[in-house]
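Written out below as structure tokens is the structure these notes cover.
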Amino acid sequence: MPGRPDYANACLRSMSFIERVQNEDLRVMYPMKRTGERGSGEFERISWDQAMDEIAVRLEESKEKYGPTACSFYSFTGNQSKLAMQSATRFAGCYGATTWDIEGIMGDHGASMGMKMVYGVIRGAHDTRDYEQNSNMVVIWGRNLADTHTSELRYIVRARERGAKIVYIDPRFSSTATIADQWIPIRPGGDSALALGMINWIIANDRHDKEFLAKHSCGSLLVRDDDGKYLRGEGDAYMVWDPASGKAVPADTEGVEAPIEGSFDADGVAVKPAFVPLKERAAEYPLERASELSGVPVDVIETFAREYSEAKPAGIRMGQGMQRTYNSYQSFRTVAVLAAVAGYVGVHGGGASHAGGTKANKPVPGETAPEFLYDEWADTGENTANMVKSSLIYQCAVDHDPVRCDFIWFNVSNFLNQSPDAHRIIDEVFPNISTIVVADPWWTWTAKYADYVLPATSLWEYWDLYDRAPWVFLVKPAIEPLGESKSDCEMMTMLAERVGLGHLWSKTPEEWVRSWPNPESSAFEGFDFDEAVKEGMWGMPHLR
């Protein structure tokens, strides 16, 4: 990778593809139509024309009966390249159909919602290389790096070699536990209790970072006793207590040393700094209760809390394991607060994050020209998609609330395998959907319950682009598509032609990809598409 010579790696999924991509027993080779009961695996081969003609008829029938929003298109993370992941949802926009917001598994939003509540950004990223150089402790919380994120593992190992203590929190003794200095087995779902126990111990032992909490957190903002809401001043300003004047003043008032503890009277309203309710809430989790709820022994929690607060700094990387519980946002929220209480947010080697990497929303600071020309791709004509949380897909199918789900197209998603309560999906959800289409390279569990299964190209067989600023991956066919496989963009183009939307799908996949990089942006200074395709990747100029 340009600018990252240390980052040449492939994940286990990628390595496994060498055994799968050209395996005709695993690949969907041709368009298939169900002949037996759903789930029986009984299909017959049909032509692309027959498949698309019949699917278009079913699509229009659902629209005629229940309106366009009863037709839906569900894309997930099986392939995050732009055309693969967005073609079906773009078609939904063109058709006025429903698409599903899949931020977080099944719309659960655990990491995204919990961390946004604390840090203001979804999932909170941190460059793993920072741990290698600057962390004295690295806590890997519910994330089996060794098996699922091998690109990060090397930096953790190097941090350990430098002397950082590696602590691994997980119910299972996984591969990652074998490279850790300490494995803390935790009861599934006990993450919040462990973090609250640590917060309580750190505060009770006067190890919290008071300066950080006062200056860089909401800890000094005043909260009303009567309703628990923030005290607001003129212009809806947040307020803090000014000891010098003995009154509440706007939080941005210069020269105020606002406290994080105490009780005050703000013109007849009883108030206290926001840190106080946190302290009181954490006090409900002494070591004994935290141990009971988390399954972690009292002495282990106490030692961990002490060593974490003394590390100066310690970094935490959270994983998907914490999202597999009810109300999982609370776990991410609480661990993020733990890092703030210790004063480890915004410092090298610290933080509490869910994502790695260096992705930037603005790869070229100060640039005004857009990096990509997406206007035509974003144009869906007279219609727009109806966005619904994916966690509501069950009730949409069964109860028709908030919309009916009568036709559904799955792509880059093994929905049945990736979603909660497979029995409910098989017994209740799928029987209430009249048409199920699956476009996938593989014979997945979901595909076996489809009415039509369409052969999608693999990562080596199609044109696409993946924006991972400051890098751009340019995907070009390296082998011929297996069987009669087509890309997701080609499928949507064929379907659009049959329902009167062909004018919005006038480009080939290669033409779409070539049209996106903006030559007027300095991000693509010196960019030559054909040369970049040979390399497979373009690094923004500042990397060179």
Side-chain angles (χ1 to χ4, degrees), residues 1-15 123-186 191 194-195 198 202 207 209 296-297 299-322 335-336 338-340 342-359 468 470-471 539 543:
M1 294 179 69
R4 288 294 299 275
D6 61 322
Y7 207 70
N9 64 273
C11 68
L12 290 181
R13 180 181 183 228
S14 177
M15 287 185 259
R123 287 192 250 175
H126 194 101
D127 193 328
T128 316
R129 291 174 293 177
D130 184 46
Y131 302 143
E132 176 188 353
Q133 299 295 327
N134 299 301
S135 299
N136 294 319
M137 173 186 282
V138 181
V139 182
I140 306 169
W141 204 314
R143 191 183 192 99
N144 182 11
L145 289 177
D147 291 330
T148 66
H149 212 146
T150 53
S151 58
E152 288 194 288
L153 185 65
R154 71 192 69 184
Y155 306 109
I156 304 300
V157 171
R158 291 173 189 163
R160 184 174 185 268
E161 291 171 346
R162 182 180 52 80
K165 181 174 182 178
I166 310 302
V167 179
Y168 180 59
I169 303 173
D170 199 297
R172 303 164 304 143
F173 189 83
S174 71
S175 301
T176 305
T178 66
I179 60 96
D181 296 291
Q182 181 180 11
W183 169 48
I184 300 179
I186 190 171
D191 309 280
L194 174 58
M198 293 175 67
I202 289 171
R207 292 169 178 256
D209 191 325
V296 180
D299 61 324
V300 174
I301 299 177
E302 183 174 13
T303 301
F304 181 30
R306 184 182 70 253
E307 292 182 348
Y308 176 75
S309 65
E310 292 175 348
K312 307 294 182 191
I316 299 175
R317 175 57 55 80
M318 293 176 276
Q320 292 294 85
M322 293 169 65
V335 175
L338 168 64
Y344 292 158
V345 178
V347 300
H348 286 296
S353 58
H354 178 248
T358 58
K359 182 172 175 60
R468 183 67 175 174
W471 299 281
L543 297 172

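Remember, predicted model here, so these are calculated numbers, not experimental data.
Contact detail for Arg162 and Glu132: the closest heavy-atom pair is NE-O, 2.5 Å. Across Gly124 and Ser353, no two heavy atoms sit closer than the pair O-CB, 3.0 Å. Closest heavy-atom contact between Ala146 and Thr150: O-CG2, 3.4 Å.
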(message) Between Val167 and Trp141, does the side chain to side chain contact (heavy atoms under 4.5 Å, CB included) criterion hold? Intermediate values first, please.
(response) CA-CA 8 Å; Val167 179; Trp141 204 314; over 6 Å; no
(request) Decide side chain to side chain contact (heavy atoms under 4.5 Å, CB included) for Asn144 and Tyr168; before the verdict, give the C-alpha distance in whole Å, the side-chain angles of both, and the deciding distance to 0.1 Å. (result) CA-CA 9 Å; Asn144 182 11; Tyr168 180 59; 3.8 Å; yes
(request) Evaluate side chain to side chain contact (heavy atoms under 4.5 Å, CB included) for Asn136 paired with Lys165, printing each intermediate quantity in order. (result) CA-CA 6 Å; Asn136 294 319; Lys165 181 174 182 178; over 6 Å; no
(request) Apply side chain to side chain contact (heavy atoms under 4.5 Å, CB included) to Ile316 and Leu338, showing your working. (result) CA-CA 10 Å; Ile316 299 175; Leu338 168 64; 4.2 Å; yes
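With hydrogens and angles left out, the side-chain atoms of Asp6 and Tyr155 include a donor and acceptor closer than 3.5 Å.
Under the salt bridge (Lys or Arg N to Asp or Glu O under 4.0 Å) criterion, Arg207 pairs with Glu310, not counting sequence neighbours. Looking at residues two or more places apart in sequence or on another chain, you find a salt bridge (Lys or Arg N to Asp or Glu O under 4.0 Å) between Asp170 and Arg172.
Rounded to the nearest 0.5 angstrom, Thr176 OG1 and Leu153 CG are separated by 6.5 Å. For the atom pair NZ (Lys312) and CE (Met137), the distance works out to 12.0 Å, reported to the nearest 0.5 Å. Taking CZ of Arg143 as the reference point, atom CD1 of Ile156 lies at 9.5 Å (rounded to 0.5 Å). For the atom pair CD1 (Ile179) and CD1 (Ile140), the distance works out to 5.0 Å, reported to the nearest 0.5 Å.
Using a distance-only test at 3.5 Å, with no hydrogens or angles considered, no donor-acceptor pair links the side chain of Tyr131 to the main chain of Arg158. Ser135 places a side-chain N or O within donor-acceptor distance of the main-chain N or O of Gly349, the cut-off being under 3.5 Å. The backbone N or O of Val300 lies less than 3.5 Å from no partner atom in the side chain of Thr303, so there is not a single donor-acceptor pair.
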